[in-house]
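I have placed the structure first, in the form of structure tokens, so that the comments after it can refer back to it.
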Amino acid sequence: MFKGHHFIKLINENWVFDLTEFVGYKVKVDNDGNVSSYKEAFQALTVGDEIIFNKFTRVPLKILKEASKQIRDYMDETEDNINE
């Protein structure tokens, strides 16, 4: 299912970003802190230096900004590793 994917919590417990496939999920967490359900909320595409979001539900701007930051950091890190 999600084996080998790199997930990042965005802003709070209700949003998770898959840095492997650039997909954001809206998650519901139970009282014990376990994910009880999740729904694909958006996908990010990179075109040159631009990041484009395809949203499938309402997503707060701060979540998209954080996802953009994570993508840019990841791409910078990947580029640095290639140049070493």
If you measure from CG on L61 to CD on E66, what distance do you get to the nearest 0.5 Å?
12.0 Å

CZ/F17 to NZ/K69 distance, rounded to the nearest 0.5 angstrom?
12.5 Å

Output yes when a side-chain donor or acceptor of T57 lies under 3.5 Å from a complementary backbone atom of A41, and no otherwise.
no

Just to verify, what does D49 make a side chain to side chain contact (heavy atoms under 4.5 Å, CB included) with, not counting sequence neighbours?
none

With heavy-atom distances below 4.5 Å as the criterion, would you say the side chains of T46 and I71 are in contact?
yes

Pairwise side-chain contact, I52 with V47, heavy-atom cut-off 4.5 Å (strictly under):
yes

About how many Å separate CZ of F56 and NZ of K39, when rounded to the nearest 0.5 Å?
11.0 Å

Roughly how far apart are I63 CD1 and R58 CZ, rounded to 0.5 Å?
11.5 Å

Are any of the side-chain heavy atoms of K55 and L64 separated by less than 4.5 Å?
yes

Distance in Å, K26 NZ paired with E40 CD, rounded so as to fall on 0.5 Å steps:
15.0 Å

Give me the one residue out of F53, Y25, F22 that meets side chain to side chain contact (heavy atoms under 4.5 Å, CB included) with F42.
F53

More than 12 heavy atoms of other residues, nucleotides or ligands under 6.0 Å from OH of Y74: is that the case?
no

Could you grab the distance from atom CG of N54 to atom CG of L45, nearest 0.5 Å is fine?
5.0 Å

For D30 and D32, indicate whether the former's side chain and the latter's backbone hold a donor-acceptor pair under 3.5 Å.
yes

